[in-house]
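One structure below.
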Amino acid sequence: MGLLIALLIVVAVIGTVVVTSKRSQARALEKQRADLEPVKQLAFEDVTAFGEELQKLDLDMAGKELDEGANADYQRALDEYETAKRTVDKMTVPDDVKQITTIVEDGRYAIACVEARVAGEPLPKRRPPCFFDPRHGLSVEDVAWAPPGGTSRDVPACALDAERVKVGAEPDTRKVMVGNERVPYWQGGPAYRPYAAGYFGAFSPMDWMFAGLMFSAFGGFDAFGEIGEGMGDAIGGIGEGMGDMFGGIGDGIGDMFDGFDF
């Protein structure tokens with residue numbers, strides 16, 4: 001009898017673990033799908049903007065003779081554009097956007113190199129994109145900026161946004177949809193972290209930003225909040241799993257004793 005009870009308990013535990021695991025996987029897939037769509041749309045918009053910059057470059061370069069270096073940079077920009085388009089179509093998880101924004105960042109630098117070569121100027125320094133909206137292209141300087149109620153940090157900015165910040169005006173910030181509200185992309189939540197990391201992660205002075213420090217100060221990408229949320233989900237899952245487990249054990253034992261007449 002003891003062996004039978006133990007066997008039933010083991011079966012109940014295994015069944016509970018399987019059911020809980022499937023529920024957790026289903027929740028994770030549902031969240032992944034919900035996070036993917038807005039991030040994929042954001043990537044599509046950035047690739048489209050990059051394509052428009054290439055069209056403008058084509059018009060600007062019409063009739064001008066390009067040397068070997070300019071031709072190589074031009075081809076590199078075109079190749080990056082084609083790669084970015086293919087990668088957007090293949091996105092399956094929000095993390096895939098990091099590869100796309102890395103490609104677009106490199107392509108924009110290639111465009112800047114073409115323009116510099118044709119103008120007879122030195123190649124531009126490889127700087128991060130504009131923090132406020134990476135579509136603005138390479139930053140030209142770092143400016144001290146703080147969002148409403150936030151902490152001031154030095155951030156890379158394009159010429160126009162740097163000027164706006166210096167005179168106390170609002171920079172032209174990239175907004176994303178979170179629910180029914182448009183917020184700066186750095187407040188979009190963890191799904192947008194790869195988007196930013198692709199643009200800025202290669203620049204060592206900014207590596208710490210994507211550890212959750214800088215963007216946390218700006219009200220987004222909160223590393224500690226994400227850890228707490230993850231722990232809460234984990235504890236909730238454990239609690240749910242234990243509840244299901246003991247419920248299953250109780251049902252199993254109850255069913256077993258239904259066959260006995262006391």
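Side-chain contact check for M177 versus P38: every heavy-atom pair is 4.5 Å or farther apart. Within the 4.5 Å cutoff, the side chain of V183 has heavy atoms near those of the V176 side chain. Using a 4.5 Å heavy-atom cutoff, the side chains of V155 and V143 are in contact. P156 places none of its side-chain heavy atoms less than 4.5 Å from the side chain of P129. A heavy-atom distance below 4.5 Å is found between the side chains of L57 and V114. Between L160 and D172, every side-chain heavy-atom pair lies at or beyond the 4.5 Å cut-off. Contact annotation: the side chain of D46 never approaches that of I100 to less than 4.5 Å [non-hydrogen atoms, C-beta and beyond].
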Salt bridge (Lys or Arg N to Asp or Glu O under 4.0 Å), that's the test. Do E181 and K175 meet it? Break it down for me. CA-CA 9 Å; E181 184 180 5; K175 299 290 184 67; over 6 Å; no

Using the rule given for side chain to side chain donor-acceptor pair (under 3.5 Å), can you reason through Q75 versus N71, listing the C-alpha separation, both sets of side-chain angles and the distance that settles it, and then say yes or no? CA-CA 6 Å; Q75 188 59 51; N71 270 313; over 6 Å; no

Quick one, Y109 with R76, criterion side chain to side chain contact (heavy atoms under 4.5 Å, CB included). Give me CA distance, side-chain angles, the key distance, then yes/no. CA-CA 10 Å; Y109 180 71; R76 175 178 160 194; 4.2 Å; yes

Take R164 and D161, measure what salt bridge (Lys or Arg N to Asp or Glu O under 4.0 Å) needs, and give me the verdict at the end. CA-CA 5 Å; R164 291 186 184 102; D161 278 329; 2.7 Å; yes

Under the side chain to side chain donor-acceptor pair (under 3.5 Å) rule, what do E45 and Q41 come out as? Steps first, then yes or no, please. CA-CA 6 Å; E45 292 172 1; Q41 178 62 30; 3.2 Å; yes

Where do T173 and D133 land on the side chain to side chain contact (heavy atoms under 4.5 Å, CB included) test, with the steps shown first? CA-CA 5 Å; T173 302; D133 188 341; over 6 Å; no

Evaluate I103 against T87 for side chain to side chain contact (heavy atoms under 4.5 Å, CB included), listing each step before the verdict. CA-CA 10 Å; I103 293 168; T87 308; 4.1 Å; yes

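Closest approach of P194 to T101, counting heavy atoms only: O-OG1, 3.9 Å. Minimum interatomic distance between P128 and F200 (heavy atoms only, all atoms of both residues): CB-CD2, 3.8 Å. Minimum heavy-atom separation, P94 to A191: CB-O, 4.0 Å.
In this structure, CZ in R127 is found 8.0 Å from CD in E141, a value given to the nearest 0.5 Å. From R182, atom CZ reaches atom CD of Q187 across 13.0 Å, with rounding to the nearest 0.5 Å. Remark: M91 CE to E37 CD distance equals 9.0 Å, nearest 0.5 Å. Distance CG/D106 to CD1/I111: 10.5 Å, rounded to 0.5 Å. The distance from atom CG of L59 to atom CG of L54, rounded to the nearest 0.5 Å, is 11.0 Å.
Y74 meets the ring pair (Phe, Tyr, Trp, His ring centres under 6.0 Å) test with no other residue; sequence neighbours excluded. For the salt bridge (Lys or Arg N to Asp or Glu O under 4.0 Å) test, no residue two or more places apart in sequence or in another chain qualifies with E115.
The existence of a salt bridge linking E68 and R117 is excluded, since no basic side-chain nitrogen approaches an acidic carboxylate oxygen closer than 4.0 Å. Between K85 and E82, at least one side-chain N (NZ, or NE/NH1/NH2) sits under 4.0 Å from a carboxylate O, which counts as a salt bridge. Note on R86 versus D89: no salt bridge recorded, every NZ/NE/NH1/NH2 to OD/OE distance being 4.0 Å or above.
In this structure, E53 places its CD atom where more than 12 heavy-atom neighbours from other residues, nucleotides or ligands lie under 6.0 Å away. Residue E65 qualifies as open at atom CD: its count of foreign heavy atoms under 6.0 Å is 12 or below.
Ring geometry, F131 versus W186: the interplanar angle falls under 30°, so the pair is classed parallel (tilted spans 30 to 60°).
Note: the hydrophobic cluster containing V140 does not contain L138 (ILVMFWY, side chain heavy atoms under 4.5 Å, direct or indirect links).
In this structure a side-chain-to-backbone donor-acceptor pair under 3.5 Å is present from D96 to V93. Y199 contributes no side-chain N or O that, together with a main-chain N or O of R135, makes up a donor-acceptor pair within less than 3.5 Å.
Each of Y192, F132, Y195 was evaluated against Y185; a single residue qualifies, Y195, per the ring pair (Phe, Tyr, Trp, His ring centres under 6.0 Å) test.
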